[in-house]
Number of protein chains: 2
Amino acid sequence: MSEINWKPVKSSSIPLYLQIVNFIRNKIMSGEWTIGTKLPSQRQLATSFEVNRSTVITALQELIAEGLLEAKAGSRTIVANNTWNVLAASSPNWPEYVQAGIHQPNKSLIQQINKAEAEPAILRLGTGELGSELIPADAMQQILTSLQHEPLSLGYEEPKGNMQLRETLSGYLRNKGIYASPSSILIVSGGLQALQLIAWGLLRKGSVILHEAPSYLNSLSMFESVGIRGVGIPLDSQGLQMERLVQLKRQHDAALLYTIPSFHNPTGAVMSEERRKQLTEIAHRETLPLIEDDVYGDLWFENAPPPPLKADDRGGNVLYLGSVSKALSPGLRIGWLVGPEQVIDRLADIKMQTDYGSSSLSQAVVNQWIRSGKYEAHLARLRASLLRRRDLMLDILKHSFSDCCTWNIPDGGFYIWLQLQKGISARKLFQHVLQKGILLNPGTIYDKFDDSHLRLSYAYPSESELIQGMQSLAKMIKEDFRQ
Amino acid sequence: MSEINWKPVKSSSIPLYLQIVNFIRNKIMSGEWTIGTKLPSQRQLATSFEVNRSTVITALQELIAEGLLEAKAGSRTIVANNTWNVLAASSPNWPEYVQAGIHQPNKSLIQQINKAEAEPAILRLGTGELGSELIPADAMQQILTSLQHEPLSLGYEEPKGNMQLRETLSGYLRNKGIYASPSSILIVSGGLQALQLIAWGLLRKGSVILHEAPSYLNSLSMFESVGIRGVGIPLDSQGLQMERLVQLKRQHDAALLYTIPSFHNPTGAVMSEERRKQLTEIAHRETLPLIEDDVYGDLWFENAPPPPLKADDRGGNVLYLGSVSKALSPGLRIGWLVGPEQVIDRLADIKMQTDYGSSSLSQAVVNQWIRSGKYEAHLARLRASLLRRRDLMLDILKHSFSDCCTWNIPDGGFYIWLQLQKGISARKLFQHVLQKGILLNPGTIYDKFDDSHLRLSYAYPSESELIQGMQSLAKMIKEDFRQ
């Protein structure tokens with residue numbers, strides 16, 4: 001189970017252990033904790049209930065005696081059916097159901113990170129989203145107020161999404177050099193959903209999808225869940241290595257290339273203009289369709305990155321992905337996918353079967369943000385804030401990490417790709433600093449063979465957290481990991 | 001392709017056919033219409049462009065001569081590559097991609113209905129959603145305004161959804177007799193997504209899911225897409241027939257039963273209290289977990305239906321499904337799934353991989369609706385409006401359909417399940433009246449062997465549309481279908 005929000009009442013006349021017994025018994029008898037449910041460890045329970053571990057042990061022993069719990073190896077406890085209670089005894093075998101299902105669970109490292117992110121005390125130095133200070137809450141309130149005077153569509157939307165938003169996006173994309181009519185735009189609930197739709201809708205089992213190595217794509221299980229394999233292509237300073245791309249495309253008869261040309265996740269790299277031209281040519285010559293993930297494209301600091309690959313796409317070769325999650329608010333859950341109409345039609349049909357469209361309220365809000373010009377104004381402020389944080393992080397790196405690490409200087413986006421000196425395992429460092437309350441993203445998430453990088457993000461922590469966290473990190477590397 | 005919003009300018013000095021040639025050429029050269037894309041029929045193009053069919057033919061002939069289009073059998077035209085243009089010639093084989101993918105497209109009848117629903121002139125007598133007059137737009141504006149004074153969470157939410165909303169729902173469910181702590185509630189983007197998560201997360205390929213016959217479930221392709229087979233159980237006046245249920249469960253070793261006990265879709269039936277008790281017992285005895293779809297449960301007219309199955313669930317046997325889509329606003333895309341924590345944890349993990357959670361704005365709005373008491377107040381008004389429309393439909397049925405049809409009298413929800421007299425094919429009637437601008441839901445959507453029922457809904461059309469539509473329908477049945 002993921003969360004226990006209840007605590008025993010210390011001032012009560014009922015002993016603490018008995019309150020815990022009643023709480024757990026109630027959970028079991030109400031069916032929330034069914035047979036096979038694993039309880040948290042005794043230590044975790046003690047922390048969560050704010051009691052001594054001995055109190056937890058007394059409570060668990062009582063429930064074990066009752067037959068509602070069973071002790072397992074390693075002092076773990078599970079819900080059991082060694083009881084007189086007929087109803088509890090006839091619960092479905094949920095553990096078996098939970099093991100079944102085609103969709104794989106998130107990788108355990110990702111689950112560990114998701115869990116740590118839910119703990120408010122954790123200082124997050126790798127999180128790929130805007131910190132609350134950078135999300136424009138006041139302007140959002142203004143937008144909500146301005147919606148009072150707009151006719152709100154609150155029924156189901158068209159399969160491709162709200163028409164006004166698609167028209168607004170058509171204009172927004174034209175400023176990037178992309179010609180896309182509303183009928184070739186699908187509104188999605190964030191970039192992740194677009195990838196899910198592509199995985200389900202366009203690829204057969206056994207397909208190979210090429211991507212940068214390292215890549216954000218490796219952090220996802222969705223492609224593996226439907227039997228699609230990823231193959232990584234090495235990067236150099238200008239982006240994807242083209243000879244390897246051609247070679248691997250032919251070798252695997254790859255179905256698609258997934259790329260993040262601007263402010264790549266996790267390396268922060270920008271594909272050069274020349275390299276983009278080469279990629280467009282090669283993709284045409286080899287008939288290799290591209291997914292261009294441009295969710296960071298608006299987040300440049302001094303100069304905009306080269307135009308998107310989609311702007312140079314004359315043959316309908318590129319599926320282009322954008323979103324407001326990185327630049328405005330992830331909670332709105334609004335992104336867009338641009339591509340040939342037959343592809344967009346197919347994916348819109350699956351989207352209708354999946355969730356019947358994205359929130360019409362969120363769509364109206366995003367439309368208002370872009371159409372009113374408030375989005376552009378927000379971007380100008382955001383770029384300055386991100387640049388300041390980047391510089392702060394670079395200063396600390398230069399001052400405190402020069403003797404143990406190297407790194408890139410990103411021109412936009414969120415990420416610094418920190419290379420650790422030989423002999424320091426990124427995985428071990430991750431686990432070590434997490435114990436001390438600092439959450440990083442180890443490179444192995446993005447490339448399973450990588451044990452020497454960390455993804456740092458200056459977007460999430462406040463400036464003071466950033467300073468404090470980076471200084472603690474430097475200290476830990478030097479004191480605990482220096483050979 | 002699904003929509004063409006462009007029209008040639010009649011006042012222009014450029015001939016109409018040439019404007020059409022340029023429009024289509026541009027679509028092809030920009031990659032929006034790639035090779036293999038099927039154009040609408042000449043008739044449809046003429047309607048859409050508001051020109052004579054001969055103008056369309058002239059334009060298409062020119063493009064065929066250029067090699068950008070190719071004529072196919074049945075006067076259909078597709079985008080082709082018989083051209084000098086290198087880029088167009090090297091487009092990916094998107095038609096092949098669109099055919100691949102494990103997720104099946106919507107059934108063709110459903111696609112036809114979705115398409116018809118997008119045409120504003122169509123009168124919809126079967127649509128299972130509130131018409132715009134019944135959606136409380138003014139109160140929604142008030143809610144949005146009231147959010148100005150609430151701290152808005154605009155970042156990613158916790159995997160199970162916004163904690164405040166889950167706490168609010170925990171209280172809302174208690175009023176229905178359901179004990180569910182926030183940790184056993186998953187916020188989803190509507191009931192449909194909950195079913196998708198169950199299909200992907202809990203069932204192995206080849207599983208059998210039992211359901212009422214007819215059932216809403218038959219209108220979905222998602223279970224088939226992952227190799228799960230549905231088996232229908234006949235209904236009588238009190239709901240599911242229990243002997244058949246036991247027999248079919250054993251015969252197929254069924255993994256789950258999906259049921260809509262209150263205001264069933266499409267029949268409007270309510271499962272009696274006694275039958276619910278039997279079902280609970282049988283499900284325990286046979287270890288058959290249930291999905292209880294209660295999205296219509298709040299929409300009773302005079303008396304609330306018997307308590308949900310979940311209220312009587314002591315062993316964690318029931319996955320319970322609710323939503324605001326039917327009673328408040330489908331556009332918010334907010335529903336909830338309640339179940340044992342280990343199941344909710346598993347599905348929350350998949351949801352995170354699918355769309356990273358539902359819109360936090362929509363979640364805040366739903367929380368405000370329920371917590372403020374506005375939802376209950378709205379329900380009181382809505383019940384009265386739906387009852388009035390039900391009575392209006394029943395009046396017309398009695399007056400104009402008595403000699404050709406029979407029907408149920410629903411005590412809540414949206415639907416009347418109209419049985420046609422022998423000799424009238426529901427499928428043929430559906431196609432016939434659609435030509436005349438009236439959209440119905442034929443029974444075959446809900447049971448492929450059913451050709452004698454129509455699902456009528458009094459929720460969508462306005463009262464005047466309802467009168468007009470039903471009278472036209474009666475006339476068509478009598479004049480065009482009477483043997």
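So you know, we letter chains A, B, ... as the sequences are listed, proteins then strands, and number each from 1. Computed from a prediction, not measured in an experiment: that's the story for all the values here.
For chain A, the nearby part of B:V365 is the side chain; its heavy atoms alone come within less than 4.5 Å. If you measure heavy-atom distances from B:P159 to chain A, you find no contacts under 4.5 Å at all. With a threshold of 4.5 angstrom between heavy atoms, B:E96 approaches chain A through its backbone and through its side chain. Residue contact with chain B, scored on non-hydrogen atoms closer than 4.5 Å, is absent for A:S132. Looking at B:E32, the atoms closer than 4.5 Å to chain A (heavy atoms on both sides) sit in the backbone and in the side chain alike. Looking at B:Q193, the atoms closer than 4.5 Å to chain A (heavy atoms on both sides) sit in the backbone and in the side chain alike. Looking at B:L319, the atoms closer than 4.5 Å to chain A (heavy atoms on both sides) all sit in the side chain, from C-beta outward. The parts of B:A255 that come within reach of chain A are both its backbone and its side chain, each placing non-hydrogen atoms under 4.5 angstrom from that chain.
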Taking only distance into account, with no hydrogens and no angle test, what donor-acceptor pairs under 3.5 Å do side-chain atoms of residues 356-364 of chain A form with protein atoms, sequence neighbours excluded?
from, atom 1, to, atom 2, distance (Å)
A:S358, OG, A:S189, N, 3.3
A:S358, OG, A:S189, OG, 2.8
A:S358, OG, A:K351, NZ, 3.1
A:S359, OG, A:L361, N, 3.3
A:S359, OG, A:S362, N, 3.0
A:S359, OG, B:S362, OG, 2.7
A:S360, OG, A:S153, O, 3.1
A:S360, OG, B:G331, O, 3.0
A:S362, OG, A:L332, O, 2.9
A:S362, OG, B:S359, OG, 2.7
A:Q363, OE1, A:N162, N, 2.8
A:Q363, NE2, A:S358, O, 3.0

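The residue among B:A194, B:S207, B:S181, B:A348 with the most heavy atom pairs within less than 4.5 Å of chain A is B:S181. Of the residues considered (A:R204, A:Q141, A:Q342), A:Q342 shows the highest number of contacts with chain B, using heavy-atom pairs under 4.5 Å. If you tally non-hydrogen atom pairs under 4.5 Å between each of A:E286, A:Q99, A:Q104 and chain B, the highest count goes to A:Q104. The most heavy-atom pairs under 4.5 Å with chain B, out of A:L130, A:L203, A:L147, come from A:L203. With chain A as the partner, the residue from B:N106, B:V226, B:N93 showing the most heavy-atom pairs under 4.5 Å is B:N106. Comparing A:E117, A:E157, A:M140, A:K205 by how many heavy-atom pairs each has under 4.5 Å with chain B, the most go to A:M140. Counting heavy-atom pairs under 4.5 Å between each of A:N114, A:V338, A:I135, A:I110 and chain B puts A:I135 at the top. Of the residues considered (B:L256, B:N26, B:I198), B:N26 shows the highest number of contacts with chain A, using heavy-atom pairs under 4.5 Å. Between chain A and the options B:V343, B:V318, B:L202, the largest number of non-hydrogen pairs under 4.5 Å is found for B:L202. Each of B:G190, B:A137, B:P95 has some count of heavy-atom pairs under 4.5 Å with chain A, and the biggest count is that of B:P95.
Inter-residue side-chain proximity for B:D349 and A:Q111 is flagged as met; some heavy-atom pair is nearer than 4.5 Å. Proximity of B:L288 to B:I282: side-chain heavy atoms (C-beta onward) are nowhere separated by under 4.5 Å. In this structure, the side chains of A:I4 and B:S183 stay at 4.5 Å or more apart for every pair of heavy atoms.
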With side chain to side chain contact (heavy atoms under 4.5 Å, CB included) as the criterion, how do B:T37 and B:W94 come out once you've worked through the C-alpha distance, each side chain's angles and the decisive distance to 0.1 Å? CA-CA 9 Å; B:T37 302; B:W94 286 121; over 6 Å; no
Would B:K107 and B:E224 satisfy salt bridge (Lys or Arg N to Asp or Glu O under 4.0 Å), going step by step from the backbone distance to the final call? CA-CA 11 Å; B:K107 291 162 187 173; B:E224 284 170 42; 3.2 Å; yes
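Under the 3.5 Å distance criterion, with hydrogens and angles disregarded, no donor-acceptor pair is assigned to the side chains of B:K27 and A:S184. Side chains of A:Q142 and A:D138: no donor on one and acceptor on the other come within 3.5 Å.
With A:E341 contributing its side chain and B:W33 its backbone, the two residues share no donor-acceptor pair below 3.5 Å.
Annotation: salt bridge (Lys or Arg N to Asp or Glu O under 4.0 Å) contacts of B:E167 (sequence neighbours excluded): none.
Ring pair B:F23/B:W6 is parallel by interplanar angle, where below 30° counts as parallel and above 60° as perpendicular.
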